[in-house]
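For reference, the structure discussed in these notes is given below.
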4 protein chains.
Amino acid sequence: MQILKDEIRNKILDVAENLFYQNGFRDTTTRSIAKAVGISVSNLYLYYENKEAIFYGVTDGFFEYFINGFKTFVNHDDKSNGMNIDISHVFQRIIKVDQKKFIIIADKSQGTKYEGFKEQIINILSNHMLSQVNKEFVEDELIIYILAKNFMEGIIEIAKNYKDDRWLEKSIGTLVSYHINGMKHLM
Amino acid sequence: MQILKDEIRNKILDVAENLFYQNGFRDTTTRSIAKAVGISVSNLYLYYENKEAIFYGVTDGFFEYFINGFKTFVNHDDKSNGMNIDISHVFQRIIKVDQKKFIIIADKSQGTKYEGFKEQIINILSNHMLSQVNKEFVEDELIIYILAKNFMEGIIEIAKNYKDDRWLEKSIGTLVSYHINGMKHLM
Amino acid sequence: MQILKDEIRNKILDVAENLFYQNGFRDTTTRSIAKAVGISVSNLYLYYENKEAIFYGVTDGFFEYFINGFKTFVNHDDKSNGMNIDISHVFQRIIKVDQKKFIIIADKSQGTKYEGFKEQIINILSNHMLSQVNKEFVEDELIIYILAKNFMEGIIEIAKNYKDDRWLEKSIGTLVSYHINGMKHLM
Amino acid sequence: MQILKDEIRNKILDVAENLFYQNGFRDTTTRSIAKAVGISVSNLYLYYENKEAIFYGVTDGFFEYFINGFKTFVNHDDKSNGMNIDISHVFQRIIKVDQKKFIIIADKSQGTKYEGFKEQIINILSNHMLSQVNKEFVEDELIIYILAKNFMEGIIEIAKNYKDDRWLEKSIGTLVSYHINGMKHLM
DNA sequence: AATGAATGAGGCTTCATTCAT
DNA sequence: GATGAATGAAGCCTCATTCAT
């Protein structure tokens with residue numbers, strides 16, 4: 001009673017996604033993937049070239065989506081205020097498409113070509129915020145970086161708890177306005 | 001001779017602290033510790049039972065301190081507003097006493113008994129915030145949890161960048177008021 | 001339908017011959033054979049019991065031919081001079097019939113029952129040469145063995161570069177007369 | 001009853017030398033080395049960084065020696081006849097220093113940085129021979145290459161059978177004069 | 001007859017831990 | 001105390017071979 005290839009191929013991605021999500025790329029073993037799928041380790045290699053390929057199988061399509069969505073924000077936003085409603089939409093869309101993949105790429109990718117990605121996003125956010133802020137109130141740019149990181153991690157955490165679209169919308173809305181309010185006295 | 005032993009015992013903790021801080025418990029090898037101390041790997045085991053014991057050697061004292069400091073806040077604070085000046089002091093003290101240990105326990109402890117620690121702190125913070133907030137505005141308690149986590153991660157990030165007390169005070173101040181301002185429209 | 005089978009059966013041998021020739025038995029994978037044939041690896045096993053059987057499919061017929069041709073030389077030659085024109089013909093014929101198989105058996109058979117084959121041929125050549133040589137000049141029989149091996153490897157190398165019959169004839173001729181001239185002062 | 005480190009370190013090289021000599025680098029497994037030494041595979045890695053490092057442990061010193069000796073020949077020999085008494089001395093010295101290492105580098109090094117080395121030596125020899133030969137007699141340079149390879153393999157074979165210096169001297173002498181006599185009618 | 005799927009054995013390497021001196 | 005030496009378990013990956021359809 002052999003299971004169909006696509007079934008397994010997808011099950012591998014499914015299982016791997018969960019394991020990468022829980023333990024990150026580095027601490028997820030081929031063994032644990034194989035065990036969770038219910039196949040031998042060597043069988044894994046019929047479906048994917050190596051552990052990294054499984055990771056990219058999980059993330060690649062989503063990564064393009066992420067980048068495109070984020071570019072929209074970066075380009076459109078330069079003239080308006082740094083952390084406005086737009087970014088709310090951007091992240092909403094990204095998370096709706098796939099919360100776990102978002103988290104994996106942003107936070108569990110050490111050892112893959114995506115490590116360093118979260119940092120880049122934070123830097124972009126940080127630069128945006130910096131351009132909105134009154135330099136007199138902020139003697140140290142580091143605090144802005146920290147707040148940008150803070151915001152990004154809020155987004156990630158929301159992604160981790162995402163269940164339905166209404167909740168997501170409201171939560172990101174709350175997070176964004178929370179941060180905008182937070183920023184006001186720095187402006 | 002007993003002095004010599006203590007010297008090594010402490011150097012191990014010193015070195016291990018730095019390595020745990022940089023790479024986390026899981027990615028720190030006994031070999032790297034021994035090498036940095038300048039002793040043999042096997043000698044490590046005369047001082048500590050195993051890698052985990054070294055971790056606890058580094059963190060345990062600090063952990064009590066943390067808990068006590070935090071309890072003070074928890075107990076004193078029930079009647080006042082959730083995230084007020086007091087917590088600012090609590091974390092300042094904790095970070096001043098030992099930023100690295102704080103980060104290690106909170107963020108680098110995967111694989112040890114402390115791996116759920118950060119979560120617990122966030123839960124406590126979350127409960128506090130929840131008691132301060134207007135339930136009508138916050139239909140979902142989860143968002144409060146997320147903001148609590150957000151705050152905690154801000155603290156951790158500040159700890160990572162801590163250099164001098166003035167900066168620390170100002171940064172935590174900024175973070176706290178940022179979050180208080182953020183929370184205001186939820187109250 | 002039987003025809004189809006034979007077509008594949010032969011294509012396997014064809015492909016395997018080239019791969020064994022290039023990489024040797026040990027470093028030729030069943031996967032590479034199947035891929036080059038354009039069939040599945042498992043299908044290979046319907047035609048041949050295992051990788052070794054494929055090797056023998058490629059070599060066995062030729063091996064008989066080789067042995068027979070060589071025996072002719074061995075038997076006819078006992079009364080004349082050890083390395084004369086006859087052996088030139090023998091190897092010419094063998095290489096013309098199949099240079100690759102000759103090389104495979106002689107030089108690429110580690111891991112198969114033929115792995116000692118080259119050695120045997122060299123021993124036969126060596127014994128022949130020994131019977132032609134002036135024992136006073138050659139105190140050590142080993143040097144004769146080495147020269148025999150040397151000659152055999154010359155033949156193998158010529159086989160590796162074989163393109164057309166004229167070249168082959170001339171090259172073996174050169175090699176043989178080179179070795180005969182070389183031997184003259186040992187006689 | 002622990003064996004001294006140096007004893008094992010050397011035993012590893014000893015054992016590995018024999019295995020590399022018999023099976024080549026690629027077909028020698030860490031397992032087989034460990035088993036022959038009588039230790040665990042992981043223990044191997046206390047002494048050498050990896051399999052390749054063991055190979056270089058066996059060969060490196062000798063490689064320098066080889067190159068130096070051979071350069072002497074190449075430089076000194078340009079004005080005299082290609083395969084003369086000098087080369088006899090060069091190879092004698094090289095083989096006396098270490099026959100097996102010579103063979104390993106020249107013939108068993110696939111997968112290491114020395115693969116391709118034998119080819120280079122043969123090319124140098126071939127070019128030398130080519131400059132000595134009457135082009136009218138040799139329409140195809142390939143045959144010269146083959147004879148150079150032939151000579152090199154003669155040297156290797158002598159190396160394989162080397163026992164004492166007198167024998168070596170005589171054998172190389174025989175091989176060289178054999179080849180010089182062989183070449184004479186090509187000149 | 002054909003093949004996609006599966007796997008155990010084995011290859012190289014690292015790591016935490018233990019042992020003998 | 002101290003340490004060089006040793007090792008089993010585990011990690012990633014490949015290969016020849018077998019099985020179910």
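Letters A, B, ... are given to chains in the order of the sequence lines, protein chains preceding strands, and every chain is numbered from 1.
Applying the 3.5 Å distance criterion, the base of dG8(F) shares no donor-acceptor pair with the side chain of Ser40(D).
Taking 4.0 angstrom as the limit, Asn50(D) places none of its side-chain polar atoms (N or O) nearer than this to OP1 or OP2 of dC12(E).
Within 4.0 Å of Ile39(A), counting heavy atoms only, lie sugar-phosphate atoms of the nucleic acid but no base atom. In this structure, Thr29(C) reaches the sugar-phosphate backbone alone: every heavy-atom distance under 4.0 Å involves primed, P, OP1 or OP2 atoms, never a base.
Ranked by how close their nearest DNA chain F nucleotide is to the 5' end, Glu52(C) and Leu46(D) are led by Leu46(D).
Checking dT14(F), dC19(E), dT3(E) against the side-chain heavy atoms of Ser42(C) singles out dT3(E) as nearest. Closest to the side chain of Asn43(D), out of dT13(E), dA1(E), dT7(F), is dT7(F).
Annotation: cation-pi pair Arg9(D)/Tyr48(D) present, NZ/CZ under 6.0 Å from the ring centroid and within 45° of its normal.
dC12(F) and dG11(E) make up a base pair, with Watson-Crick or G-U wobble contacts both under 3.5 Å. Across all strands shown, dA20(E) forms a Watson-Crick or G-U wobble pair with dT3(F), both key distances being under 3.5 Å.
Using cut-offs of 30° and 60° for the angle between ring planes, the Tyr56(D) and Tyr114(D) rings count as perpendicular. Ring pair Phe20(C)/Phe25(C) is tilted by interplanar angle, where 30° to 60° counts as tilted.
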